[in-house]
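Counting begins at 1 with the first residue of the sequence. These numbers come from a predicted model, not from an experiment.
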Amino acid sequence: KKKKKKKKKQSVEYSDASKKPKPEATLEMPKDTAGFPLTPEEQLKREVSWCVEQLELGLRRQQSSQKQVNEALHTLKTLRSEKAPLVKKRQTMRAMFGDYRKKMEEERQQQLKLMQTASKSARVVAVMSSTKAKFS
């Protein structure tokens, strides 16, 4: 008979600093353009529309293989379907885009920076009162 040896768990000592749980990156509640929190249904619609937009852009821009095109079309069909369950839509979006919520937020931040840059570089020109009278 062979005797099985029990494996001992090795205890690892941590310093006090590492015992504290690290604060996880918390995503704040998504908000609409007026700054009000979105309902879960509104958030889902926004996520689905973003994923649909990304798929459509990818189909227009890239030279994709037939398999990739078919997969994208199948995904579009699933996301646009009224009958497809919520879980299937989220699963499909996760499979196609990975962490799509993070990507949405990164895109939003990038657009915000572009708008801020554009607003800083825009200049305001005063219009003379005689010019105003001509166009009134």
Test log, rule side chain to side chain contact (heavy atoms under 4.5 Å, CB included), inputs Leu59 and Leu73:
CA-CA 9 Å; Leu59 286 173; Leu73 291 173; 4.0 Å; yes
Could you check Lys103 against Trp50 for side chain to side chain contact (heavy atoms under 4.5 Å, CB included), going step by step and ending with a plain yes or no?
CA-CA 10 Å; Lys103 290 179 182 179; Trp50 182 85; 3.7 Å; yes
Would Arg94 and Asp99 count as a side chain to side chain contact (heavy atoms under 4.5 Å, CB included) here? Give the steps.
CA-CA 6 Å; Arg94 174 85 49 198; Asp99 191 356; 3.8 Å; yes
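Side-chain atoms of Glu107 and Gln54, non-hydrogen and from C-beta on, do get closer than 4.5 Å to each other. Looking only at side-chain heavy atoms (C-beta outward), Arg60 and Leu57 come within less than 4.5 Å of each other. Proximity of Leu79 to Leu55: side-chain heavy atoms (C-beta onward) are separated by under 4.5 Å at one or more points.
Of the possible polar contacts, one joining the Ser121 side chain to the Thr117 backbone as a donor-acceptor pair under 3.5 Å is found. In this structure, Glu42 contributes its side chain and Thr39 its backbone to a donor-acceptor pair below 3.5 Å. Checking side-chain atoms of Lys88 against main-chain N and O of Thr78 turns up no donor-acceptor pair under 3.5 Å.
The neighbour count for Gln110 CD, taken as heavy atoms of other residues, nucleotides or ligands under 6.0 Å away, does not exceed 12.
The existence of a salt bridge linking Glu47 and Lys89 is excluded, since no basic side-chain nitrogen approaches an acidic carboxylate oxygen closer than 4.0 Å. Salt bridge present: Glu105 and Arg108 bring a charged side-chain N and a carboxylate O closer than 4.0 Å.
Here the shortest heavy-atom pairing between Tyr100 and Arg90 reads OH-NH1, 3.3 Å.
Exactly one residue among Gln66, Lys67, Gln68 makes a side chain to side chain contact (heavy atoms under 4.5 Å, CB included) with Asn70. That residue is Gln66.
In this structure, the separation between CE on Met104 and CD on Glu53 is 9.5 Å, given to the nearest 0.5 Å. Between atom CD of residue Glu71 and atom OG1 of residue Thr92 there is a gap of 10.0 Å, rounded to the nearest 0.5 Å. Interatomic distance, CD of Gln109 versus CG of Leu114, reported as 11.5 Å (0.5 Å rounding). Rounding to the nearest 0.5 Å gives a distance of 9.5 Å between OG of Ser49 and CG of Leu44.
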